[in-house]
Amino acid sequence: MADRYDPHALEPKWRARWDAGGLDRVHDDDERPPYYALTMFPYPSGELHTGHWYIIAPSDTAARFRRMQGHNVLFPIGFDAFGLPAENAAIERGVDPKEWTYGNIDRMRQQLRMMGASFDWEREIVTCDPDYYRWTQWWFLKLYERGLAYRAEAAANWCPGCRTVLANEQVLDGLCERSDDPVERRFLTQWFFRITDYAEELLDFDGLDWPEPVTTMQRNWIGRSEGATLRFPVDVEGVDEPLPVFTTRPDTVYGATFMVLAPEHELVERITTGDQRETVEAYVAATSRVTEVERLSTEREKTGVFTGAYAINPFNGERIPIWIADYVLVTYGTGAIMAVPAHDERDFAFARDHGLDVVPVFDHCDIDVSEPLEAAFTEGGAMINSGPFDGTPADEAIPAVVGHAEAEGFGMGAVTYRLRDWLISRQRYWGTPIPMIHCDTCGVVPVPESDLPVVLPDDVHFEPTGQSPLTQIEEWVNVDCPQCSATARRETDTLDTFMCSSWYQMRYVDPHNPERPFSAETMRQWLPVDLYTGGAEHAVMHLLYTRFFWKAARDMGIVEGDEPMKRLFNQGVILGPDGNRMSKSRGNVVAPDDLVERHGADAFRCQLMFIGPWDQGGPYNPSGMPGIVRWLNRLWSVATEPPPDAGDGSGSRELVAATQRTIRDVTSDLEGFRFNTAIARLMELTTTLARARESGGVDTATWERSVETLILLVAPLAPHIAEELWERRGGAFSVHQQDWPAFDESLVVEETVEIVVQVNGKVRDRVTLPVDASEDDALARALASERVANWVEGKEPRRVIYVPGKLLNIVV
RNA sequence: GCCGAAGUGGCGGAAUUGGCAGACGCGACGGUCUCAAACACCGUUGGGCGUUAAGCCCGUGCCGGUUCGAGUCCGGCCUUCGGCACCA
């Protein structure tokens, strides 16, 4: 008897040999067609958890599968190494962020290697390495040169817990995405990227193979609204320019009975009348104290106050009051609205609460518009109370009104987006320094490219101040102005870490290039990414930013093509055995290292892939492990112990067909990332082989070919055991460099087929027929069956449905 | 409230285009081997009726529809999970 399957001995052995043999090294001059498979790189939090395994192990299987299919596959890994946890560790425990981060990376690198993933470690990138962030800074300068980076004062989202501002995308329900602290508004001068310049193009997902939920979320996030900007003259001395408002319903303009400005609107101060000043100022002050969470609540009563001023509706010359209310947001549209209570629910609620007029300007088949309205209605038949437009049907109303506004010069068609520019400043230390210098005479001056990188200083004092710790390092901050050489100061904010990950996929193609982020040749060879795998939680952050980055780079002539990732696949979320998110407080965390120690990496990889569809995620329960372990043991057994006697060949044909069917099914399953069913099919073939060995009848050559095929099909899923068995059977190093088995349809063709016989749609019997049997033959055979005859009871078939190869249904 | 995904045995899940519901695995039960075990091996395992048996009936969240035939298609609900939410 051959020795037993011992993953603990063979897994480290093979990883060492793969390393020594450079098996996973990717070469640019390889002649096979290139294929770029990218999996989202981890943050070096300290430990590899089950979630990491769930993202990476199946991604590795997909990459290995592609390789065996004849592609030169780039499958790189690195670490998204800047970020708050390192700095928080510094503040809380006094450890150095750099040491903490690199210590974690060392540990996680070891854990990743244990997985047996086919990463080319020579291409590893770490975003906090100066060799990497030098190029992050370079990108900043390029964006600045192109006018896509700018500095502005704005109401920013301030997270008191993280002590920094956040991008809009990092605020969920008014709470910080990281720390769940309620976000505050602070007016600060910050750096932004003009992602809104690309809003329209970012809505176009043509030709992208991306999951529909992600494209939907991005579309919603960008939030394109079509409508018009209308300008209302303001009836206040000294305010000559009209007040612009954006509306999606210009056709309701005759129903505008008041205007509302956001409390932060710059006009508020100028138009407020003396007797209203106190009220308005109190309201503005109160608004600034309301948290974003409260302000965003739709449940809340709509508060607001009158400014005392009036605007003129340019369509009918009516004087309407101007109010301020915090349900109008200063950051959207023009920060001001015309309120049409009859046809907008929010305006209706406000009018009702504050006793303002409601004038319907559309009729409605179910509503008597001569009576006071009980609620706003948004769909109407034709315009009323609208002067010359009365009678215009709803579907012609908008173009008619906008056309009039354009002709008269008080408005025009307009498109507005919900998307805001990307705020990239962070008041934190552990990030990429923004390569800018503030000079009293020259203003804001970029650091010359030749001076990059601007290296993050060591030995920093961490105090929770709300300013970047960099501000306190005088010798770092003080610098000569590159233009006038006068003493100037460095920018002390650092870059949002999403900037590091917006271009990392580009660096992998040429990771050691000291001259530029990557060469044009490697860019053309590898980019864009063919397959990107990772979590859907990045749908409107990372994945939107990286698309913006790519398009900007394209417009600078640095990359070619319109999109950075052709195909995106989101795996689901892996949960604890109790069906909840794994967390220490719940005590449902499954540690991968324990499972690998007990059963080996192959077993753990396979179990994660076996539990269900990859995109579905779901509970992970180690109790399923025995099934996988039993399978691997059986695989070991059939591969190392052939049948005791040479068979006579009577069972060969069936084994060949079963093997071929497995090739066919596993190939299509792996193409569609259906790892669970692929493993099920491989288990079946393993069992088939074990049974065939038991019963004899399979000739030696057929047996050997079938076992060999099975090992090849297993290789992408369980790389270590496949390699060991391949070697033991005399295969050349390495199993992972073999060709994927080809499916031969002619070997599975059967002469006879079993078809189901139904009577009135219910299965009553099964008969075996030649594959090419005619309907008449099939019917004759079916009626000959006693069981069928009992149900037909001599009645004449009213109708017969025959699906060749599948079923025969007799309707009586 | 709006958008999206999903509801199938005790459990995880299978089921090209409508065509044998429950593949594969866990667990459970029974057995084999063993002094005893095991990550070893064999068998049974949706529910009900049927003494055994042949067999029959019911069964994919709920109600209705289309069809010779529905887990799959259509209409209406219910539940769960994700996402968005005063965006004019």
Side-chain angles (χ1 to χ4, degrees), chain A residues 4-5 7 172-173 211-214 216-217 219-221 223-225 227 245-249 252 260 295-300 302 325-329 331-340 344-347 349-350 416-420 536-537 539-540 572-573 575 577 579 598-599 603 607 610-613 615-634 637 668 672 674 676-684 687 690 694 754-766 787 790 797-801 803 805-812:
Chain A
R4 298 181 55 158
Y5 169 48
L172 307 173
D173 291 330
E212 199 266 347
V214 172
T216 302
M217 277 193 264
R219 274 198 197 93
N220 291 343
W221 187 261
R224 183 181 196 276
S225 284
V245 299
F246 175 75
T247 175
T248 54
R249 292 296 306 275
T252 62
V260 187
R295 185 162 170 180
L296 288 171
S297 165
T298 47
E299 320 284 271
R300 200 162 136 264
K302 292 199 170 16
D326 66 5
Y327 80 92
V328 173
L329 308 174
T331 45
Y332 184 76
T334 64
I337 62 162
M338 64 173 203
V340 184
D344 182 285
E345 282 172 39
R346 296 152 303 178
D347 297 344
F350 192 80
T416 295
Y417 302 90
R418 206 185 76 117
L419 180 71
R420 314 284 153 72
E537 67 273 17
V540 291
V573 179
L575 305 170
R598 286 181 59 185
H599 306 291
Q607 202 211 345
F610 185 62
I611 53 173
D615 56 350
Q616 221 169 281
Y620 171 77
N621 199 325
S623 68
M625 189 60 96
I628 295 293
V629 172
R630 281 199 270 267
W631 169 52
L632 292 175
N633 278 316
R634 244 176 20 249
S637 154
S668 74
R674 294 182 297 271
N676 55 332
T677 49
I679 290 174
R681 298 290 88 81
L682 292 167
M683 287 173 166
E684 281 173 340
T687 305
E694 202 69 18
E754 186 185 70
I755 72 158
V756 169
V757 181
Q758 297 181 335
V759 179
N760 290 336
K762 289 196 191 273
V763 180
R764 297 305 179 187
D765 203 359
R766 298 170 176 86
R787 288 177 180 174
N790 282 342
R798 203 148 49 88
R799 196 174 159 191
V800 174
I801 289 105
V803 183
K806 285 234 165 114
L807 99 174
L808 180 78
N809 187 9
I810 303 165
V811 185
V812 294

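Chain letters run A, B, ... following the sequence lines, proteins first and then strands; every chain starts at 1.
Distances from the side chain of Arg764(A) to the nucleotides C39(B), C57(B), A14(B) place C57(B) closest. Here G19(B) is the nucleotide among G83(B), C24(B), G19(B) with the atom lying nearest to any side-chain atom of Val803(A). Ranking G13(B), A88(B), A38(B) by closeness to the Arg4(A) side chain, first place goes to A38(B). Among C26(B), C86(B), G19(B), the nucleotide with an atom closest to any side-chain atom of Ser623(A) is C26(B). Checked against G69(B), C20(B), G83(B), the side chain of Asn809(A) finds its nearest nucleotide in G69(B).
In terms of phosphate contacts, Arg674(A) brings no side-chain nitrogen or oxygen within less than 4.0 Å of OP1 or OP2 of G13(B). Using a 4.0 Å cut-off, no side-chain N or O of Arg630(A) falls inside it from OP1 or OP2 of C39(B). For A88(B), the OP1/OP2 oxygens have a side-chain nitrogen or oxygen of Ser225(A) closer than 4.0 Å. Residue Lys762(A) places at least one side-chain N or O closer than 4.0 Å to OP1 or OP2 of C58(B). Taking 4.0 angstrom as the limit, Arg681(A) places none of its side-chain polar atoms (N or O) nearer than this to OP1 or OP2 of A15(B). Using a 4.0 Å cut-off, no side-chain N or O of Asn621(A) falls inside it from OP1 or OP2 of C26(B). The side chain of Arg418(A) contributes an N or O atom lying less than 4.0 Å from OP1 or OP2 of A85(B).
Distance check on atom P: C29(B) versus G47(B) gives 15 Å, rounded to whole Å. Across the P atoms, A6(B) and G13(B) are found 13 Å apart, a figure rounded to whole Å. The gap from the C1' atom of G76(B) to that of C86(B) amounts to 31 Å, rounded to the nearest Å. Here the separation of U80(B) from U8(B), taken at their C1' atoms, is 15 Å to the nearest Å. G65(B) sits 15 Å from G71(B) when the P atoms are compared, rounded to a whole Å.
Among the protein residues, Ile611(A) comes within range of the sugar-phosphate backbone only, with heavy atoms under 4.0 Å from sugar or phosphate atoms but none that close to a base.
Residues Thr247(A) and Ile337(A) have side chains not in contact (no heavy-atom distance under 4.5 Å, counting atoms from C-beta outward). In this structure, the side chains of Val260(A) and Tyr327(A) come closer than 4.5 Å at one or more pairs of heavy atoms.
Annotation: of the two residues near RNA chain B, Val811(A) and Glu754(A), the 5′-most nearest-nucleotide partner is Glu754(A). Between Asp326(A) and Glu212(A), it is Glu212(A) whose nearest contact on RNA chain B lies nearer the 5' terminus.
Remark: G82(B) base-pairs with C3(B). Criterion, Watson-Crick or G-U wobble with two distances under 3.5 Å. G18(B) is unpaired under the criterion used here, namely a Watson-Crick or G-U wobble arrangement in which both key atom distances are under 3.5 Å. Nucleotide G30(B) forms a Watson-Crick or G-U wobble pair with C42(B), both donor-acceptor distances falling under 3.5 Å. Nucleotide A53(B) has no partner under the Watson-Crick or G-U criteria, as no pair reaches both atom distances under 3.5 Å. Pair assignment for G64(B): C74(B), on the basis of Watson-Crick or G-U wobble contacts that are both within less than 3.5 Å. Shown here, C24(B) forms a base pair with G12(B); the pair counts as Watson-Crick or G-U wobble because both key distances fall under 3.5 Å.
By the 30° and 60° cut-offs, the orientation of the rings of Tyr332(A) relative to Phe246(A) is perpendicular.
Between the CD1 atom of Ile679(A) and the P atom of A14(B) there is a distance of 13 Å, rounded to whole Å. Ile628(A) places its CD1 atom 12 Å from the C1' atom of C39(B), with the value rounded to the nearest Å. Taking atom CG of Asp615(A) as the reference point, atom P of G83(B) lies 16 Å away to the nearest angstrom.
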